[in-house]
Amino acid sequence: QVQLVESGGGTVQAGGSLSLSCVVSGRDISNQAMAWFHQYPGKAREFVAAINWNGDVTDYADSVKGRFTISRDDAENAAFLRMDDLKPEDMGAYYCGFCQWSRVSRLESDMRYWGQGTQVTVSS
């Protein structure tokens with residue numbers, strides 16, 4: 001059984017930082033792209049960032065470029081999202097996606113597995 005477990009969410013003031021982790025068990029991530037998605041309360045889930053199978057290529061939503069950094073550690077079978085200069089609009093649930101491809105993708109339909117999400121609250 002494949003499981004993705006996110007952690008690292010919490011409450012932070014605007015301008016602060018958080019680091020999210022996504023640890024995968026049951027499947028090796030080394031040949032797969034990984035991605036993060038965000039769901040603001042009451043809105044649809046949206047793409048945030050993706051990283052390809054070897055970390056050479058990353059992709060970011062315009063809203064987080066320059067503030068968020070995605071990374072991976074295949075030895076830990078994990079992906080990470082460093083979030084700096086957080087804004088109130090960044091609050092919500094963050095989900096990790098295990099992509100069925102080795103290249104980056106922004107599509108939810110390309111994610112084979114999902115984590116349960118971790119909550120981020122940003123106070124202004």
Requested in this report: Mark yes or no for whether N52, through its side chain, and A33, through its backbone, hold a donor-acceptor pair below 3.5 Å.
Outcome: no

Requested in this report: To the nearest 0.5 angstrom, please state how far the SG atom of C22 sits from the CD atom of E6.
Outcome: 5.5 Å

Query - Spatial distance of atom CH2 (W101) from atom CZ (R112) [nearest 0.5 Å] - result: 8.0 Å

**Report entry** Neighbour count above 12 (heavy atom, 6.0 Å) for Q39 CD
**Finding:** yes

Query raised in the report: Are F80 and M83 connected in a single hydrophobic cluster, I mean Ile/Leu/Val/Met/Phe/Trp/Tyr linked by side-chain heavy atoms less than 4.5 Å apart?
Result: no

**Report entry** Donor-acceptor contact below 3.5 Å, side chain D74 vs main chain N77
**Finding:** no

Query raised in the report: Heavy-atom distance under 4.5 Å between the side chains of F98 and M111, does that happen here?
Result: no

Report summary line: Tightest non-hydrogen contact, residues S109 and Q100, listed as O-NE2, 3.7 Å

Query raised in the report: With distance as the sole test, does R45 use its side chain to make a donor-acceptor pair with the main-chain N or O of Y40 at under 3.5 Å?
Result: no

Requested in this report: Indicate if I51 and F47 have the same hydrophobic cluster label, given that clusters are the connected sets of ILVMFWY residues with side-chain heavy-atom separations under 4.5 angstrom.
Outcome: no

Query raised in the report: Who pairs with V12 by side chain to side chain contact (heavy atoms under 4.5 Å, CB included), at least two apart in sequence or on another chain?
Result: L18, L86, V122

Query raised in the report: Can you get from F37 to L4 by hopping between Ile, Leu, Val, Met, Phe, Trp and Tyr side chains that sit under 4.5 Å apart?
Result: no

Report task. State, to 0.1 Å, how close D28 and Q32 come at their nearest heavy-atom pair, and which atoms those are. Result -> O-CG, 4.2 Å

**Report entry** Lys/Arg-Asp/Glu bridge criterion (N-O < 4.0 Å) met for K87, D90
**Finding:** no

Query raised in the report: Closest heavy-atom contact between C99 and R103?
Result: SG-O, 4.0 Å

Query - Check: Y60 side chain, I70 main-chain N or O, donor-acceptor pair, under 3.5 Å - result: yes

Query raised in the report: F68 and V120: same hydrophobic cluster, using ILVMFWY side-chain contacts below 4.5 Å?
Result: yes

Requested in this report: Determine, using the 4.5 Å side-chain heavy-atom cutoff (strictly less than), whether L107 and I29 are members of one ILVMFWY cluster.
Outcome: no

Report task. Determine the minimum heavy-atom distance between A14 and S124, stating which atoms define it. Result -> CB-CA, 4.2 Å

**Report entry** Modelled atom types, side-chain donor and acceptor of D84 and S17, under 3.5 Å
**Finding:** yes

Query raised in the report: Would you say the side-chain atoms of T121 pair up with the backbone N or O of T11, donor to acceptor, closer than 3.5 Å?
Result: no

Requested in this report: Hey, can you tell me if Y94 and H38 have their rings parallel, tilted or perpendicular (30° and 60° cut-offs)?
Outcome: parallel

Report summary line: All heavy atoms of L81 vs all of A49, minimum pair found to be CD1-CB, 4.1 Å

